[in-house]
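Each remark here refers to the structure printed beneath this line.
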Amino acid sequence: MEHHPVRALEELDDEELRRVLAELSEADRRALEAHWPSWAHEGQLAPEGPWRTWTVLAGRGFGKTKAGAEWVSAFARAHPDASIALVAATAEEARDVMVEGRSGLLAVARFEEREAMVWQPSRRRLVFASGAQAFLYSAANPESLRGPEHHIAWCDELAKWRYAEAAWYNLGLGLRLGTNPRALVTTTPRGVPALRRILAAPRCATTGGPTWANPHNAEDFVAAQVEAHDGTRFGRQELEGILLEDVEGALWTRELIEKSRVASVPGDVRRVVIGVDPPASAEGDACGIVVVLLGADGIGYVAADLSVAGLSPEGWAKKVEAAAQAWGADRVVAEKNIGGEMVGAVLRGADVGLPVTLVHAGDGKSARAEPVAVLFESGKAKFAGRFPELEDELAGLTYGRGYQGPGRSPDRADAMVWALTELLVRRKRSEPRISLL
């Protein structure tokens, strides 16, 4: 049989497939079902290389449990003397998910192995057909991991463990049998200290993916979850499997971003400003294009992130023109540091048809952003919708530590800062003040 028989079968048309399957013997059919590398989707197989910890960060329904159970089962087959640790948030979860679950160790056992396996719930022990043994532990009781020795460990949903750091530390001390002790962590990501330390440690390999990477999930389920949570912090962690965490000194924490979110723009709008952060070249960073509105309530609303990449000056200027027309903008604010007056000439050449204000970035990005971050903290600015790429950049702007977000430059964030500065910060500075003598 070929190394990847399922992949070979996928290349056949329906008639050929029916013929081949009909000709398979019962033994070949079972071998086909048992050949996990052929059925696994990307992110479910252990990576190559001398890793000590393999972390599967993935959305719910990705197939993390299946990946863990298959990895442990393969090791047990190859090492009859193996001692294996199965660790979950509680002993009940270790039993219900890792052993007895639909994708647990009992379910993934091969046909010829099932009768020989011995599951002893009262002793929290599973004996494989080969003779290898797996022992169940609760991370809620870290002391239970102090002392036992193991060849490998499978840790499920570590990001929700109550005493994650203590449990992981004690597990590591006992992970010392054999020539290559290893641990697998399967979890939906959360920015907890233990998980951050694991990911930052040497010889940690990471795979994973979103919920929809698993072809066995019902389409209706995936569609419903995406519709309900797309772009939210919950959705990005629980569905996309992306680890979201605050960098030290962040101007916009993830909590602030969520607290500043509203469902839609207000009905009564006084002004519309478009912020533009031009790229140095078509091959460089993106052109930040962000639309902000001033509501009758005096609050500034981020309404759209229309940023683009890979376009010539004329190309991104046309995008700005289209945005201005679509939103009825009354002003465009663009940074002129790169390109100088050329930026204004390009925008005016695109027939934007409204005033263009060119601004010079004299201060650092974080310094310019601080007054705008204060607007969000005080409730004077909000996000009218969800803007994942913009929000990731904002979360990377810090007090005194520069930009620590994705990409080389926060182009979208800069565009938003310019627009809200024009809309609210400069207006506030220009308002008359009453002096009490």
Side-chain angles (χ1 to χ4, degrees), residues 2-8 10 34-79 82-88 97-98 103-105 108 110 128 132 134 150-161 164 168 171-172 175-192 194-217 236-245 406:
E2 296 183 38
H3 183 61
H4 291 294
V6 174
R7 305 293 187 266
E10 288 175 347
H35 196 259
W36 168 238
S38 290
W39 296 99
H41 53 266
E42 186 175 357
Q44 285 187 304
L45 295 178
E48 300 292 335
W51 54 266
R52 180 173 172 82
T53 305
W54 169 29
T55 305
V56 179
L57 297 182
R60 297 190 187 184
F62 170 81
K64 301 185 294 295
T65 304
K66 176 74 169 175
E70 291 283 1
W71 180 71
V72 168
S73 296
F75 188 89
R77 285 187 203 104
H79 302 85
S83 175
I84 301 167
L86 305 177
V87 192
V97 176
M98 303 174 81
S103 299
L105 290 164
V108 305
R110 294 176 179 175
F128 293 85
H150 306 98
H151 293 82
I152 65 169
W154 172 21
C155 305
D156 191 48
E157 294 297 352
L158 180 141
K160 63 180 283 191
W161 291 4
W168 178 257
L171 173 66
L175 198 59
R176 56 177 182 260
L177 295 182
T179 59
N180 191 21
R182 292 181 166 190
L184 165 61
V185 175
T186 54
T187 188
T188 302
R190 294 181 187 175
V192 297
L195 182 57
R196 289 198 296 266
R197 288 192 178 91
I198 290 170
L199 294 173
R203 297 173 60 194
C204 177
T206 304
T207 66
T211 298
W212 47 86
N214 186 347
H216 303 294
N217 284 326
R236 301 194 74 198
Q237 287 194 157
E238 304 295 320
L239 299 181
E240 296 183 49
I242 296 174
L243 179 62
L244 300 177
E245 56 180 334

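Residues R197 and W168 form no side-chain contact, since every pair of their non-hydrogen atoms from C-beta on lies 4.5 Å or further apart. Side-chain atoms of L177 and S83, non-hydrogen and from C-beta on, do get closer than 4.5 Å to each other. Using a 4.5 Å heavy-atom threshold, the side chains of I84 and V72 count as touching.
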Subject >> C204 and W51: CA distance, side-chain angles, deciding distance, side chain to side chain contact (heavy atoms under 4.5 Å, CB included) verdict >> reply: CA-CA 6 Å; C204 177; W51 54 266; over 6 Å; no
Original post:
Stepwise, does the side chain to side chain contact (heavy atoms under 4.5 Å, CB included) test hold for W161 with C155?
Top reply: CA-CA 10 Å; W161 291 4; C155 305; 3.5 Å; yes
Subject >> Intermediate values then yes/no, side chain to side chain contact (heavy atoms under 4.5 Å, CB included), W212 and N217 >> reply: CA-CA 7 Å; W212 47 86; N217 284 326; over 6 Å; no
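Partners of R52 by salt bridge (charged side-chain N to carboxylate O under 4.0 Å, His left out), not counting sequence neighbours: none found. Legend: residues meeting side-chain hydrogen bond (donor to acceptor under 3.5 Å, both in side chains) with Q44, ordered by chain and number and at least two apart, are H41. Every residue meeting the side-chain hydrogen bond (donor to acceptor under 3.5 Å, both in side chains) condition with W154, not counting sequence neighbours, appears here in chain and number order: T186. Remark: H151 engages no residue in a ring pair (Phe, Tyr, Trp, His ring centres under 6.0 Å) (not counting sequence neighbours). Residues passing the side-chain contact (heavy atoms from CB on, under 4.5 Å) test with A159, sequence neighbours excluded: T187, R190, V192, L195. Take V97 and apply the side-chain contact (heavy atoms from CB on, under 4.5 Å) test, not counting sequence neighbours, and it matches T65, D156. Residues meeting the side-chain hydrogen bond (donor to acceptor under 3.5 Å, both in side chains) test with R196, sequence neighbours left out: E245. For A88, the side-chain contact (heavy atoms from CB on, under 4.5 Å) partners at least two apart in sequence or on another chain are E93, A94, M98.
Between L171 and A85 the shortest heavy-atom distance is CD1-CB, 3.9 Å. Summarising the geometry of P47 relative to A205, their closest heavy-atom pair is CG-CB, 3.6 Å, with the distance given to 0.1 Å. The two residues R203 and N180 come nearest to each other via the heavy atoms NH2-OD1, 4.3 Å. L105 and A69 get closest at one heavy-atom pair: CD2-O, 3.5 Å. Here the shortest heavy-atom pairing between V108 and S103 reads CG1-O, 3.7 Å.
Note that OG1 of T206 and CG of L243 are 10.0 Å apart. Values are rounded to the nearest 0.5 Å. Rounding to the nearest 0.5 Å gives a distance of 11.5 Å between CG of L158 and OG1 of T188.
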Residues 53-63, side-chain donor-acceptor partners within the protein, below 3.5 Å, at least two apart:
unit_1 : atom_1 : unit_2 : atom_2 : d
W54    : NE1    : T207   : OG1    : 3.0
R60    : NE     : E238   : OE1    : 2.6
R60    : NH2    : E238   : OE1    : 2.9

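Between W71 and F75, the ring-plane angle classifies as tilted under the 30° and 60° cut-offs.
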